[in-house]
Structures are given as C-alpha cells and as structure tokens.
Peer 1: 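To start, I am sharing the structure in question, which I have written as structure tokens.
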Amino acid sequence: MYDKQITVTSPLLPDLEEFNLMLKEIWDSKWITNNGQFHKQLEKNLAEYLGVPFVSLFTNGTLPLLTALQALRVTGEVITTPYSFVATTHCIWWSGCKPVFVDIDPHTGNIDPEKLEAAITPKTTAIMPVHVYGKPCDTKRIQEIADKYGLKVIYDAAHAFGVKVNGESILNAGDMSTLSFHATKVYNTLEGGAMVMHDEATKKRIDYLKNFGFAGETEVIAPGINSKMDEVRAAYGILNLRQVDAAIEARHQVAIKYRAALQKVDGITFMDEECGVQHNYSYFPIFVDAEKYGLTRDELYFKMKAANVLGRRYFYPLISEFSTYRGLPSATKENLPNAHKMADSVICLPMHHSLSDEDVERVIHIVLKNETSTL
Ligand code: T4K
C-alpha cells in the first residue's frame, strides 16, 4: 500500500500571505458581503478573463442554474442530459419543471442534438445541456433547434471555465451559462459559482434574484433567493484568477503524459482533443472495454483505490438511475443507451495542477500493469 494518496483533484490555493493582506482589508473595511469591493472587482476581472460581457457571482454552481430557470420564466418540461452531476437535474425539479432526458453523443459525452427534436412536446420550454468535462456542446446545432421551437437554452458550464472555440468563449452560447467554482474545479473560490449573461438588463435582474429579489430598499420584484458571494471568497477568487493559467498549463502537461502512455493500451480509450478548442483539462476520463482490457471498469477502479490512487467514476450512476428520477418516462435504459455505455465504462484519472511526475507515473503504471501493483 502506498502512503501518499493521489486524489482525483486538489484545489488551487492562493498564496496565504497575499490572502492575509486582503483579509486585513476586509477586516478594516467591515464590509464582508452584499456586493462589496472585491465582489465587484472579481466580476469585472472574470468577465475580462473569460471573454464574456457580464458575470454575476454566486455562492455555488447550483443556485445560478436555479436562478437562470427562474429569470427566464421556464415552465413545463426541460430537456437535459442524464450524464452530469445530479445538481443539473435537481435544479429543473426545484423550479417545478419536469426533466426530460435525452441521450448523449458517444464521442463527446454531451447531449446529442440530433435526438433533441424527438423529445420536444408542447410543454417543452427550455434545454439545459452540460459541457461535460469541459468539452464544448454542439452549440450551433442546439441553438438552431431552440430557435425553431422557441426554446430557451441554459448551459450548465460548471466544467467549462475558460474553454474557447476558435477564440470565442463557449460561455457566450445560449441564453445564459453557469459556472461552478467549487474546490474540485479548475478555478475555485472555496465554494462559489457564477452566471454569464449577454446584457446589462439581465445582469441587473439576476443580481436582484440572488439577493431575495430586492430591487432597492423597499421593492421586491420576485421571490428571489440568497445566493450572494461574500468578500472573503471574492478576495480568494481574485488571487486565484492570477494563477489559473499556470494551473491549466500544468494540467495540460499531465494530459500529454496520460495520452502518450495510454494510447496503445488495448481496451482503454479517451476523448480526442478537438481542433480549434482551447481546453481547460478539468478532467481526464478514460473508458474501459472489459473484454479487450481484461478487467472490468470496477475492477480497475478498485485496483487503483487499493493502491491509493483515487480516480472517480464521474458520472456513474447516471442521474436517470437515481431513485428520485428513474420513474420518469425518459429515464429508461432503452432511451439512453450511449449514456449507459459511458457511465458503465468511465474512470476519471487524477487530474490537477499539483500532480508530480512521480504521481503521474504511478497512475499510468497501475493502468498499464494488469495486476495489483507496487512500484
Ligand atoms: N453542474 C455540474 C455539471 C457539476 O459538476 C456540479 C458540481 C454542479 C453543477 C454544481 O456545482 P456546485 O454547486 O458544487 O458548485 C464534487 C463537487 O462537490 C461538485 O462541485 C462537482 N460538481 C462534482 C462533479 O464533484 P464529490 O462528491 O465528488 O467531491 P469530493 O468531496 O468527493 O471531492 C473529490 C476529491 O477532491 C477528493 O477526493 C479530494 C479532492 N478535494 C475535495 C474537496 C472538497 C480536495 O482536495 N479538497 C477539498 O476541499 O463532488
């Protein structure tokens, strides 16, 4: 057994001394939340960094999804993917809508646009796709279908921080996109999240909705929620933004090593890097074909675990398989064959900025060597 645990991810942390200086400023000002100076600064810095017009900060990546559904007055049925973290579907349910699952494209893991139209009914009002693992959805095709049927599109872009296609941020697609800044993400603010929108009026309304619906001292425009980011996390976020490019590059180097080492392993596949896409290397999923590889996905997963290498089976089980959702008509296995295949074969290998060469070697060694391994 190895002593050192290698986890699937590890948070990017700002320099503690610099953070302390900012904490001192917060302490001195006594302004600790409700649109403080660091909050305003981070929204501006993020919009600039991401290449988007407007950003509204949130306390996590779940509440902007819920707020987007509310802001766009989405009702009835919302089409979504079963291959995601459960928060995506939970928000649809919380907003009083019915989630409708559509199968994924087996190459990207994202909702298959060619299967969207068959799922649209007179009650459909929106589509909520996910750029899973930060891989861009086919935003052009999704928009064409949304425009044809008059549907809203809210992208759950929790994994897609900084991802661009041909130089353009994918966060600009659809009506709104949401981000997660959880500790496990490429860019984190401890907990945190954001919404990206196209215009100032929408930003203003979102800012009301995340502050109980208050539009001034005495007016409430809607039953809003409390989802404001505080000054401590905003300060932390300002510092982390300065080092996120270096962290993404470090992840890129890990991806290069995984690809080189694993490309010829019979029964192990991974996703291609697409031309024109600026990736963020947020995850490194591999897919196990048990017949060719000689071990099932779970056998490999537990073998890794025994060696203290904690990959994760993101996203197994599918959301449609959880007891809360499996009764939905769209949750049947027959409706979602590609999603089932991916969920049953995936392991996300450790992927973060602070993996050493030795760590990466250890991970590779376990996948390469088809036996309980000690280096
Ligand atoms: N939409 C999508 C597509 C999402 O993936 C998510 C979240 C959301 C929406 C919602 O966003 P948030 O409301 O969460 O901001 C994690 C995260 O909790 C969750 O944010 C994330 N997706 C999901 C994919 O993964 P767990 O249960 O796997 O995390 P946990 O605690 O097991 O951590 C995994 C590993 O990370 C640990 O083994 C070690 C490392 N770690 C974790 C934490 C929390 C650290 O080193 N330090 C830490 O503080 O859910």
Side-chain angles (χ1 to χ4, degrees), residues 2 4-13 61 83-85 107-110 130-136 156-164 170 179-190 192 240-241 243-263 265 268-274 277-288 297-298 300-316 342-343 345-369 373 375:
Y2 293 102
K4 185 186 167 198
Q5 218 173 48
I6 303 179
T7 49
V8 70
T9 187
S10 180
L12 182 66
L13 297 167
Y83 196 77
S84 179
F85 188 60
H107 304 291
T108 63
N110 291 326
V130 178
H131 303 291
V132 80
Y133 307 133
K135 288 202 72 87
D156 180 342
H159 304 170
F161 184 88
V163 174
K164 294 188 174 163
I170 57 166
L179 289 159
S180 164
F181 302 154
H182 183 259
T184 55
K185 297 294 186 283
V186 168
Y187 168 79
N188 82 85
T189 57
L190 301 166
N240 252 357
L241 195 58
Q243 51 172 359
V244 73
D245 280 339
I248 291 173
E249 183 47 32
R251 287 167 173 269
H252 182 195
Q253 294 307 315
V254 174
I256 289 172
K257 287 176 200 142
Y258 281 154
R259 282 174 187 282
L262 302 178
Q263 63 181 338
V265 181
I268 298 289
T269 50
F270 40 79
M271 288 173 165
D272 294 331
E273 267 197 37
E274 292 135 292
V277 177
Q278 186 181 314
H279 292 276
N280 65 7
Y281 308 96
S282 49
Y283 295 86
F284 196 92
I286 60 166
F287 305 97
V288 183
R297 183 276 306 273
D298 285 348
L300 175 59
Y301 171 73
F302 287 111
K303 191 179 95 168
M304 286 167 67
K305 212 169 179 174
N308 241 344
V309 173
L310 306 184
R312 288 294 287 265
R313 291 167 291 180
Y314 298 132
F315 288 98
Y316 166 84
M342 197 168 272
S345 61
V346 70
I347 301 179
C348 287
L349 297 184
M351 170 51 89
H352 55 86
H353 66 286
S354 54
L355 284 171
S356 66
D357 285 350
E358 197 195 18
D359 295 337
V360 175
E361 283 303 315
R362 251 177 75 193
V363 177
I364 290 170
H365 185 78
I366 295 168
V367 181
L368 286 182
K369 206 159 176 263
S373 138
L375 264 179

Peer 1: In the structure I gave you, are the side-chain heavy atoms of Leu349 and Met304 within less than 4.5 Å of one another anywhere?
Peer 2: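 Of all side-chain heavy-atom pairs linking Met304 with Leu349, at least one is under 4.5 Å.
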Peer 1: Taking atom NE2 of His353 and atom CD of Glu249, what is their separation to the nearest 0.5 Å?
Peer 2: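 That separation rounds to 14.0 Å.
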Peer 1: Give the C-alpha distance, both sets of side-chain angles, the deciding distance and a yes or no for side-chain contact (heavy atoms from CB on, under 4.5 Å) between Phe287 and Arg297.
Peer 2: CA-CA 8 Å; Phe287 305 97; Arg297 183 276 306 273; over 6 Å; no
Peer 1: Kindly indicate, with the supporting measurements, whether the criterion side-chain contact (heavy atoms from CB on, under 4.5 Å) is fulfilled by Lys135 and His159.
Peer 2: CA-CA 8 Å; Lys135 288 202 72 87; His159 304 170; over 6 Å; no
Peer 1: Under the side-chain contact (heavy atoms from CB on, under 4.5 Å) rule, collect the residues that match up with Ala160, sequence neighbours excluded.
Peer 2: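 Checked Ala160 against side-chain contact (heavy atoms from CB on, under 4.5 Å); matches are His131, Ala157, Val163, Ile170.
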Peer 1: Can you tell me how far the OG1 atom of Thr108 sits from the OH atom of Tyr83, to the nearest 0.5 Å?
Peer 2: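 So the gap between those two atoms works out to 10.5 Å.
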Peer 1: Show the nearest heavy-atom pair for residues Pro350 and Val254, with the distance to one decimal.
Peer 2: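 It is O-CG1, 4.5 Å.
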Peer 1: CG/Leu355 to OG1/Thr7 distance, rounded to the nearest 0.5 angstrom?
Peer 2: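 Output value for this atom pair is 7.5 Å.
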Peer 1: Please work out whether the ring planes of Tyr187 and Phe181 are parallel, tilted or perpendicular, with thresholds of 30° and 60°.
Peer 2: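 Aromatic pair Tyr187/Phe181 classed perpendicular.
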Peer 1: Show your reasoning for whether side-chain contact (heavy atoms from CB on, under 4.5 Å) applies to Tyr301 and Arg313.
Peer 2: CA-CA 8 Å; Tyr301 171 73; Arg313 291 167 291 180; 3.3 Å; yes
Peer 1: Name the orientation class of the two ring planes belonging to Tyr314 and Tyr283 (parallel below 30°, tilted from 30 to 60°, perpendicular beyond 60°).
Peer 2: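 If you compare the ring of Tyr314 with that of Tyr283, the planes turn out perpendicular.
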Peer 1: Using modelled atom types and a 3.5 Å cut-off, is there a donor and acceptor pairing between side-chain atoms of Lys303 and backbone atoms of Ile366?
Peer 2: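 Yes; at least one donor-acceptor contact below 3.5 Å.
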Peer 1: Quick one: does Ile268's side chain get under 4.5 Å of Val288's, heavy atoms only?
Peer 2: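 Yes, close enough: below the 4.5 Å cut-off.
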Peer 1: Partners of Asp245 by salt bridge (Lys or Arg N to Asp or Glu O under 4.0 Å), sequence neighbours excluded?
Peer 2: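 Once residues adjacent in sequence are excluded, Asp245 has no partner under the salt bridge (Lys or Arg N to Asp or Glu O under 4.0 Å) criterion.
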Peer 1: Given side chains that start at C-beta, do those of His182 and Asn188 come closer than 4.5 Å, heavy atoms only?
Peer 2: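 His182 vs Asn188: side chains apart.
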Peer 1: Would you say the side-chain atoms of Asn280 pair up with the backbone N or O of Ile248, donor to acceptor, closer than 3.5 Å?
Peer 2: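 Not at all, since once roles are kept as given, no pair shorter than 3.5 Å links the two residues.
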Peer 1: If you look at every heavy atom in Val130 and Ser84, which pair is closest and at what distance?
Peer 2: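 So the two residues come closest at CG2-OG, 3.6 Å.
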Peer 1: State, with a plain yes or no, whether a side-chain heavy atom of Leu241 is found less than 4.5 Å away from one of Val244.
Peer 2: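 Answer yes - side chains close enough.
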Peer 1: What salt bridge (Lys or Arg N to Asp or Glu O under 4.0 Å) pairs are there with at least one residue in residues 251-263, not counting sequence neighbours?
Peer 2: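 The answer is Lys257-Asp357, Arg259-Glu273.
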Peer 1: Please check if the side chain of Asp359 supplies one atom and the backbone of Ile6 the other of a donor-acceptor pair under 3.5 Å.
Peer 2: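 Judged by distance alone, no pair lies under 3.5 Å.
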Peer 1: Spell out, as yes or no, whether a donor-acceptor pair under 3.5 Å connects the side chain of Arg362 to the backbone of Ala307.
Peer 2: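 Looks like yes, one N/O pair under 3.5 Å.
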Peer 1: Would you call Leu368 and Leu262 a side-chain contact if the rule is heavy atoms closer than 4.5 Å?
Peer 2: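 Yes, close enough: below the 4.5 Å cut-off.
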Peer 1: Taking Ser282 for its side chain and Tyr133 for its backbone only, find out whether a donor-acceptor pair lies under 3.5 Å.
Peer 2: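 Yes, Ser282 side chain to Tyr133 backbone: donor-acceptor pair under 3.5 Å.
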Peer 1: Please report the interatomic distance CE(Met271) to CZ(Phe284), rounded to the nearest 0.5 Å.
Peer 2: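 Going from CE on Met271 over to CZ on Phe284, the span is 10.5 Å.
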Peer 1: Please report the closest heavy-atom contact between Tyr281 and Met351, naming both atoms and the distance.
Peer 2: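 Distance-wise, the nearest heavy atoms are O-CG, 3.3 Å.
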Peer 1: Say you draw a straight line from CZ of Phe315 to SG of Cys348; how long is it, rounded to the nearest 0.5 Å?
Peer 2: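 So the CZ of Phe315 and the SG of Cys348 are separated by 7.0 Å.
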Peer 1: Between the main-chain N or O of Asn308 and the side-chain N or O of Lys4, is there a donor-acceptor pair closer than 3.5 Å?
Peer 2: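 Answer holds: no.
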Peer 1: Okay, side chain of Gln243, backbone of Leu13: is any donor-acceptor separation there less than 3.5 Å?
Peer 2: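 Here the side-chain-to-backbone pair exists.
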Peer 1: Out of curiosity, Ile347 CD1 to Asp298 CG, how far, rounded to the nearest 0.5 Å?
Peer 2: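 Answer for the CD1-CG pair, Ile347 versus Asp298, is 7.5 Å.
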Peer 1: Kindly give the heavy-atom pair with the smallest separation between Asn110 and Pro136, and that separation in Å.
Peer 2: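 Closest heavy-atom pair between Asn110 and Pro136: ND2-O, 3.2 Å.
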